[in-house]
Amino acid sequence: MRNPFFKGTVGQKDVSLIQMGGHNDMCTIFEGFMDFLSYMTLCHRSDFTPFAETMDFMVLNSVSNIRKAMKWLAPYPTITCCLDNDDAGRRAVDTLNEARDGIHDASGVYEGYKDLNDFLRGKRFCP
């Protein structure tokens, strides 16, 4: 549940794995569902649409789920992280890097923005 004054959840948050079919070797992870939708919108606006169909996706729904996500990420040799440009997002990427190889941090693509959704909307922030 969310409004300008409150952001909360009912029940326990969990990860969402979106498998595009077949056996994909790549998974891209997002902190929230809006970032995933922003990614798909950006892919649709460019020549990356076929590329998006060759990977699976994971929405953490909270960076606190990063350890829970690791069992689902284990089969993927390559993990691309599209997490928030904040301390929590960087710590989550660091946690993955400490646990395994094949981790790529894509947050530099939207440097100067809080997250991928703000990048899509053109809403810059001052760190």
Should [X] and [Y] be counted in the same cluster of Ile, Leu, Val, Met, Phe, Trp and Tyr side chains packed under 4.5 Å apart?
X	Y	answer
F57	W72	no
I18	L73	no
L83	V59	no
M55	L60	no
V109	M40	yes

When you measure from the side chain of [X] to the backbone of [Y], do you find a donor-acceptor pair of N or O atoms at a distance under 3.5 Å?
X	Y	value
D105	S107	yes
N117	S38	no
D56	M20	yes
R90	D84	no
N85	Y113	yes

Rounded distance [0.5 Å steps], [atom1] in [X] versus [atom2] in [Y]:
X	Y	atom1	atom2	answer
L116	F30	CG	CZ	6.5 Å
H104	T28	NE2	OG1	10.0 Å
L96	I66	CG	CD1	4.0 Å
N65	M58	CG	CE	9.5 Å
I79	M26	CD1	CE	10.0 Å
S16	N61	OG	CG	4.5 Å

Atom CZ of R67: over 12 foreign heavy atoms under 6.0 Å:
no
For D118 and D115, work out which heavy atoms get closest and say how close.
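D118 and D115 have their closest heavy atoms at N-OD1, 2.8 Å.
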If you look at every heavy atom in C81 and Y110, which pair is closest and at what distance?
O-OH, 4.4 Å
Assess the pair F33 and F36: is the distance between their ring centroids shorter than 6.0 Å?
yes
side-chain contact (heavy atoms from CB on, under 4.5 Å) between R91 and V63, intermediate numbers included:
CA-CA 9 Å; R91 280 193 306 270; V63 289; over 6 Å; no
Using the side-chain contact (heavy atoms from CB on, under 4.5 Å) rule, take T41 and L120 through it: C-alpha gap first, then chi angles, then the decisive distance, then the call.
CA-CA 8 Å; T41 299; L120 175 64; 4.0 Å; yes
Taking the side chain as every heavy atom from C-beta outward, state whether L42 and F119 have any atom pair closer than 4.5 Å.
yes
